[in-house]
Amino acid sequence: MRTFRMFILSLFIFNLLLVIPGTARTLTDGQIENKVNELLGKMTLKEKIGQMVQYSYSGSHGSKMQEEAIRQGLVGSFLNGESIADINRLQKIAVEETRLGIPLIFGRDVIHGFRTVLPIPLGQAASWNPHLIEAGNAIAAREARANGVHWTFAPMLDICRDPRWGRIAEGLGEDPYLASQLGAAMTRGFQGNDYSAPDRLAACAKHYVAYGAAEGGRDYNTTAVSERQLREIYLPPFRAAVNAGVATIMSAFNEIDGIPASGNQFTLRTVLRDEWQFKGFVVSDWSSMTEMLNHGFCVDEKDVALKSLTAGVDMEMVSEAYIHHLENLVNEKQIASELIDESVRNILRIKFKAGLFDNPYTPEGGEKVLLTPANQNVAREIARQSLVLLKNEKHLLPLAKNLKRIAVIGPLANAPHDQLGCWVLDGHQEYTITPLKALQDYFGKETEILFAEGLKTSRTTRTDGFDQAFKYASLADAVLLFMGEEAILSGEAHSRAFLELPGAQEKLIEEIAKLNKPTVMIILAGRPLTFHQVAEKVGAIIYAWHPGTMGGPAIVDVLFGDYAPSGKLPVSFPKTVGQIPVYYAHKNTGRPPSPNQKGIPMGTPLDPVAFVSNYLDVDVMPEYPFGYGLSYVNFEYSNLKLSTDKLKMGETLEISVQVKNSGKMAADEIVQLYIRDLVASITRPVKELKGFKRITLKPGERQVVNFKLQTDDLAFYNQQMKMMAEPGKFHLWAGKSAVDGLQAEFWIVE
Ligand code: NOJ
């Protein structure tokens, strides 16, 4: 661990030393503004509108029309360039063959790594480790920038409380505080202090906003969230990204309470520009502007252009409302030319900051920085910190290293593409180290690895592979079941209505379980799945998400005790789809059920005790709660102390708690701090995460962990939508998860 920290530190120092002469780093914001205005003064209306247009690259043999559009100054950006040579070729047209030589900005979805694929963002979030996430995304930036990408469409900051939604994989979980901390870290990782550097990218916080609240978890679906929910739940991670200096924001596909996000003046102007003073540019999502026709919000494409620009979308991705209509709208005086100037300023400002005017081209040789051992090490470290130990009956894990035979079974044991997860435009499966490969590398001849996939893919229903799997399992000292979902089952437009392990996986597990061997199930998936029945049949469960290129070695590190698992869930796992949404920061309701009330048993007479907010057929608790994750050691919490139990407005509460590793190996713990504001003018959640710290403790070691809370940290939007803390009583917990902690109380007094 220590060596790894030194390694991360040296990466940062190396980056600080990388000062490239002539980049934006040498220009102050004021100087950039002068340059922007000078350039704007020379531009025709057509050229200005051109900057607001983003095309999807049509391929190296593709359209001459795109090249001609660049030549005429009618395009400002591309997404999905193919190679350095292609990107430079188009850039050369922009820089050398247009009147003003304004460079193009090339965007791409670098969502969780480039060639070195990191765990999916939801997996990264399970590490609860902002420093490591920053380091990981710095690697993604280095690999991508060296290969011609200037701008990534990440981080994805959509809070999601519905695992049916396929895009939950791309986000940072259910909690605004956790997602804010980690989203800001991702932004810093991509951008560093200066994204004109040759190893950094401009970032894009997306999808603004509330996209993750899609009804029924169905992608692109309607969201109905109030202003208060927006401000409390969905906006905070974006605000954190803006505070961290994010260069751009992407407006989402969804409507928000009747107004599409890409035509939403309240979110795009009032909140983003007026309240947060955002100075970067807003890009639409792919045709999210023209989709306002389908939403029934715009009458025609011209109306789309009018409403999008009025709302504050600066650049249009792929659809062509701006290029077709903005000029006429200005000439007809339906749009003030100042609005166009403002958008173009926002775009040029970022192009200057990204250093594109000084260094428009990407040198050949970008492959040299890909998949270096250092990059793979960071990917492996994130992957192992993202693994969550859900069950470990009778200390089955870690497994002994001297087993004679290990049976490796399941469709995800050797699925190099699937373990990469969704959104891997640049990840190549031939570089993936699967769990099977990692196990074969780890063990010499003394241990036999018996591999039978049992099911070809996660969705296979044919059971003809079962016999072989059963045979191998019966010969083995331990069985490793690699289950879950293949990559294609999560991500954009890949929502699911059933969340069980797909195909015949449950049957396979049940068959193997009949052998009563020490059996560990490792689940690789893009979302929380429901697997209650089979969980009872195995001794241990590790949730591995889609862990990326280095997933195999990371899983082996944990299975055999070279690393104690430390990941914690960034999202609650439902017992069944019918409980969704299930999240820890829910409200209490007027009729709260007791947490473990198991519905109403058969035969119970109709009785007022039953009139509480629960289900007849399942209790209200999740299968695994937010913040939950076991270790190989026990962490004892004691001595929770508060500096005062009466806090005056404006004061700071100091909290300390002692944590001891009472186990036999070094391990990390993520210490979590929650509060509850018991009575307020607006009802408050039953728990809210307010802080967390990842600590490393040697066997027997204790550490006092400190937190600070100011009364501002306890504020919420009151009835007048003012962010205020209110006097009154609070509960506070410091502990291992949202359901496990030492409790104290304090008051805010006037
Ligand atoms: C649509 C997706 O919603 C968005 O996340 C992505 O960045 C763009 N397409 C560009 O590929």
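Atoms within a ligand are numbered from 1 in the order they appear, just like the ligands themselves. Quick caveat, the model's predicted, so the values are computed rather than measured.
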Residue pair Gln124 / His112, side-chain donor-acceptor N/O under 3.5 Å: no
Please name all residues satisfying salt bridge (Lys or Arg N to Asp or Glu O under 4.0 Å) with Glu82, sequence neighbours left out, ordered by chain then number. none
Would a line drawn from the ring center of Phe626 to the ring center of Trp128 be shorter than 6.0 Å? yes
Taking distance alone, no hydrogens or angles, what donor-acceptor pairs closer than 3.5 Å link side-chain atoms of residues 236-247 to residues at least two apart or in another chain?
none

Who are the residue neighbours of ligand 1 when the rule is a heavy atom under 4.0 Å from any of its atoms? Leu79, Asp109, Phe153, Arg167, Lys206, His207, Met250, Phe253, Asp285, Trp286, Met317, Trp423, Glu492
Phe281: partners by ring pair (Phe, Tyr, Trp, His ring centres under 6.0 Å), with sequence neighbours left out: Trp151
Ser288 (side chain) donor-acceptor with Phe253 (main chain) under 3.5 angstrom: no
